Amino acid sequence: MQLIKLNDHLWEIPRQAPMLVPGRIYANERMIGELRDDPALTQVANVACLPGIVGYSLAMPDIHWGYGFPIGGVAAVDAQEGVISPGGVGYDINCGVRLARTNLEFAEVEARVDQLADALFAKIPAGVGSEGAIPGLSMAELRQVVTQGSEWALRNGYATRRDLEHTEEGGRLSGADPDQLSERAYKRGAKQLGTLGSGNHFLEVSRIDRIFDAGLADALGLRMNQVTVLIHSGSRGLGHQTCDDYLKVIGSAMARYEIRLPDRQLAAVPISSPEGQAYLGAMAAAANFAWCNRQVMMHLAQQAFLEALSISPRELGFELIYDVCHNIAKFEEHTFEHRQRRVCVHRKGATRAFGPGHPALPEALRPFGQPVLIPGDMGRYSFVMVGLETAMRETFGSSCHGAGRVMSRTKAKAEARGRDLPAELKAMGVTVRARTRAGVAEEMPAAYKDVDEVVRVMEAAGVTRNVARLKPFAVIKG
Amino acid sequence: MSNESRDTDAPLFREFEHTGDVGIEIIAPDRDQLFRRAALALASLLVDRSRVEEREEREVSVKGETDADLMHDLLAELLDVFVVDEFVWRDASVVCRDGSIKATLKGERFDADRHQFRGEIKAVTYHQLTVRQEGTDWRARIIFDI
C-alpha cells in the first residue's frame with residue numbers, strides 16, 4: 001500500500017481506481033511502521049470507494065482491522081447523492097462512553113474500594129443469563145425506549161433533565177422508526193436494558209491523576225484526585241441483531257442500485273432508497289436504546305455508590321460530564337473546500353469531536369468544545385479531551401475512540417494462561433470484578449496499545465486538546 | 001443425516017488470530033459434519049460444553065442460496081437460541097439438503113455458573129466467511145464479532 005507522509009501525524013493513501021477520494025490516516029511514524037502490512041489500510045482504501053464520499057476516507061490513530069470499515073474509520077458522504085453502509089456503523093450501534101463526576105476524593109473511598117466494586121457488580125447486570133435491570137419490559141415499552149432514548153429514562157425516574165442536556169443528541173436521535181426493527185431484535189433487547197454486556201465493555205471507577213488544562217478541567221467540573229465513573233457499552237443484542245438484519249437487506253439490494261464494492265461487509269445503498277431509509281430508522285432506534293441503556297446503568301451506579309458508601313446524593317454529587325457515541329452515522333453540516341455541505345458522517349470506532357461554539361453543544365459546554373471521552377485499558381488510564389476547530393476543518397468533527405488492540409483475544413488468553421490477572425491488577429491498584437476469567441484475560445492491559453500515544457497524535461494534529469487523565473481503581477466487567 | 005458419534009475429544013475447530021474478535025476454522029469429512037461442528041464450536045465459544053446435559057431437544061431450520069449464507073444464517077439462528085431462549089447444547093445433528101439445513105440441538109436451559117459462561121458473541125460476521133470443499137475435506141472459516 002502506497003503511503004505519502006503529509007506531516008508527522010498524517011499520512012495519505014493516494015487515490016487510485018476504484019477509489020473516489022484519497023485515504024488519510026492519523027498516526028505517528030512508529031504506528032505507521034506497524035500498520036504498513038495491515039489489512040486495515042486496505043479497508044481505508046475500500047471505504048474510499050463508497051459512492052458520494054466527500055473529501056477523504058479517514059482513519060484515526062486507534063485504527064485496526066474491522067469488518068468492511070476499519071475500526072477508527074470516518075467517512076462523510078453527501079446527504080443527497082451518497083450511500084449509507086451499516087458496516088460503517090458496526091454491529092454495536094451507538095456503542096459509546098459516558099463519564100460522570102462525583103464530589104468525592106480518592107482518599108475518601110480508598111478504604112472501601114472492595115465494597116464499592118461489590119455493590120457495582122451486584123447492581124449492574126451483565127446481560128446474558130441474568131434478568132435485565134428493568135425486568136418484564138413489554139413490547140409497547142420497548143417501542144417507547146427506542147423512540148425516546150434517554151427521555152424514556154427521564155420519564156421513568158432514571159435520569160435528570162441535566163443528564164439529557166449532557167448527552168450527544170440529547171440522548172435521542174431523531175428519525176427513529178420502531179417499525180423497522182425486527183421481532184428478533186426486540187426479543188434480544190427485551191431483557192438487556194440496563195446491562196453492561198461483555199467483550200470490551202466495562203464500568204470503571206477512576207481518580208483523576210493528571211490535569212493537562214486547568215481552565216478546561218474546571219469548566220467541565222474536573223479536579224485532581226476526584227473520583228469519576230466511566231461506562232462503556234452500547235445497544236446490546238437489539239443493536240447487534242439490527243446490524244445483522246440490515247447487512248442482509250442492503251447486501252441483496254445493492255445490485256438493484258448498481259453499487260459494486262470490494263467487500264460484502266461494506267454493503268451500502270443510496271441514503272434516499274427505501275432500504276437506506278429503513279436502515280436509518282432502525283439505526284436511530286437502536287442508538288436510542290443504547291443511550292437509554294447507558295443512562296439506566298449510570299442510575300444504577302449512583303445507587304451502588306450511595307449504598308456502599310452510606311452517603312447522601314448531595315454528598316455524592318453524581319453528575320454526567322458527557323455521553324458520546326462512537327459507532328454511528330449522523331447527518332451534519334460541514335464546510336469542506338469552502339462549501340457548506342450536508343453530509344452523513346459514518347463514525348466506526350470514532351468519536352464526534354465538535355469544536356468550541358458549535359450549536360449542537362449544550363450551552364454550558366459550548367464555549368469549551370465537546371468533551372471527547374477515550375477509554376484506555378483497565379490497567380493504565382483513560383482520557384478526557386475536547387474537540388477543537390481543526391476537527392471541524394479536517395476530520396468532519398471526529399477523533400479517536402480508544403486504545404486499539406495490539407493482541408488478538410486468542411493470543412491474550414494464551415498469554416494469561418497460568419497467571420492470576422485479577423491479582424496482578426490488584427497489585428497495580430486496580431480491583432476487578434468480572435463474570436468470566438476469559439473476559440479479564442482477553443482484556444488484559446498488554447492486549448491494548450498505550451492509549452496515551454493515540455491521544456497524543458490527535459492533540460499533535462490539533463484535532464482535540466487533552467484535559468484530564470483518569471486512573472482506574474475499580475473495574476466491573478460483564 | 002449425521003451418524004458421527006459425539007466427538008467432544010476430537011479437535012472440532014481451531015481458533016485463528018483476528019485482532020479484536022474470534023475467528024474459527026473447521027475441517028470435516030462431509031458437509032453435514034461441517035455444519036454440525038460449526039454448531040458445536042459456537043456452543044464451545046459460549047460455554048464449557050462438557051458441562052451441558054442433554055435434557056431437551058430444539059430444532060432450528062434455515063434456508064439459503066449459498067453454503068456461506070447457510071453457515072451465517074444457521075449460526076445466527078443458534079446465537080438467537082442462546083441469547084433469547086437461553087438454551088445451550090452439548091451435541092447436535094444436522095441434515096443438509098439443497099438450500100436448507102435442519103439442526104437438532106441436544107442440551108438444556110443455560111445456567112451461567114454451572115456452564116461456565118465464557119462471554120457474549122455479538123454476531124456472526126460475513127467478513128472473510130468461507131465454506132468450501134477441498135479434495136475430500138469440507139472447510140469453513142467464520143469470524144464472530146465479540
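Computed from a prediction, not measured in an experiment: that's the story for all the values here. The chains referred to below are lettered A, B, ... by the order of the sequence lines, with proteins before strands, and numbering in each begins at 1.
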Donor-acceptor check, side chain of A:Ser235 to backbone of A:Ile93, threshold 3.5 angstrom: yes or no?
yes
Could A:Arg405 and A:Glu443 be called an ion pair, given the rule that one side-chain N must be under 4.0 Å from one carboxylate O?
yes
Option in B:Asp111, B:Leu79, B:Val124, B:Asp80 with maximal non-hydrogen atom pairs under 4.5 Å from chain A:
B:Asp80
Neighbours of chain A found in residues 58-72 of chain B - heavy atoms under 4.5 Å:
B:Asp69, B:His72
Chain A neighbours within residues 126-141 of chain B, where any heavy atom lies under 4.5 Å away:
B:Tyr126, B:His127, B:Gln128
Does A:Asn293 use its side chain to pair, donor to acceptor, with the backbone of A:Gly234 at less than 3.5 Å?
yes
Given B:Asp91, which partner from the list B:Arg36, B:Arg49, B:Lys106 fulfils the side-chain hydrogen bond (donor to acceptor under 3.5 Å, both in side chains) test?
B:Arg36
Report, by ascending residue number, the residues of residues 114-122 of chain B in heavy-atom contact with chain A at a distance under 4.5 Å; give 'none' if the set is empty.
B:Phe117, B:Arg118, B:Gly119, B:Glu120, B:Ile121, B:Lys122
For A:Ala253, all residues meeting side chain to side chain contact (heavy atoms under 4.5 Å, CB included), sequence neighbours excluded
A:Arg256, A:Tyr257, A:Val269, A:Glu275
Between B:Glu15 and B:Leu45, is a side chain to side chain contact (heavy atoms under 4.5 Å, CB included) present by the stated rule, with each step listed?
CA-CA 10 Å; B:Glu15 280 188 36; B:Leu45 290 175; 3.8 Å; yes
Is a side-chain N or O of A:Gln192 found less than 3.5 angstrom from the main chain of A:Leu238, in a donor-acceptor match?
no
Considering only NZ, NE, NH1 and NH2 on the basic side and carboxylate oxygens on the acidic side, decide whether B:Arg55 and B:Glu108 come within less than 4.0 Å.
yes
Find the one option among A:Asp263, A:Asp92, A:Asn200 whose heavy-atom pairs under 4.5 Å with chain B are most numerous.
A:Asp92
Give the C-alpha distance, both sets of side-chain angles, the deciding distance and a yes or no for side chain to side chain contact (heavy atoms under 4.5 Å, CB included) between B:Trp89 and B:Leu40.
CA-CA 8 Å; B:Trp89 52 100; B:Leu40 300 186; 4.2 Å; yes
Criterion salt bridge (charged side-chain N to carboxylate O under 4.0 Å, His left out) on A:Lys449 and A:Glu34, from CA distance to verdict
CA-CA 12 Å; A:Lys449 290 179 199 166; A:Glu34 285 186 352; 6.0 Å; no
Assert top hit (heavy-atom pairs under 4.5 Å, partner chain B, pool A:Arg184, A:His201, A:Lys187) equals A:Arg184
Polar side-chain atom of A:Asn327 near backbone of A:Gly349 as donor-acceptor pair, under 3.5 Å
yes
If you count heavy-atom pairs under 4.5 Å between each of A:Arg188, A:Lys248, A:Arg409 and chain B, which one has the most?
A:Arg409
Name the region of B:Asp145, side chain, backbone, both or neither, that has any atom closer than 4.5 Å to a heavy atom of chain A.
both
Looking only at heavy atoms and a cut-off of under 4.5 Å, which of A:Arg437, A:Arg435, A:His64, A:Lys411 has the most pairs with chain B?
A:Lys411
If you apply the rule side chain to side chain contact (heavy atoms under 4.5 Å, CB included), what do you find for B:Phe110 with B:Leu46, and how did you get there?
CA-CA 10 Å; B:Phe110 171 58; B:Leu46 292 166; over 6 Å; no
Below 30° counts as parallel, above 60° as perpendicular, anything between as tilted: where do the rings of A:His232 and A:Phe202 land?
perpendicular
Judged by atom type as modelled, is there a donor-acceptor pair below 3.5 Å linking the side chain of A:Asp62 to the main-chain atoms of A:Gly404?
no
Give the intermediate values and the outcome of side chain to side chain contact (heavy atoms under 4.5 Å, CB included) for residues B:Ile24 and B:Arg37.
CA-CA 11 Å; B:Ile24 59 167; B:Arg37 288 181 180 188; over 6 Å; no
Among the listed options A:Arg236, A:Met407, A:Glu442, the residue most often paired with chain B at heavy-atom distances under 4.5 Å:
A:Arg236
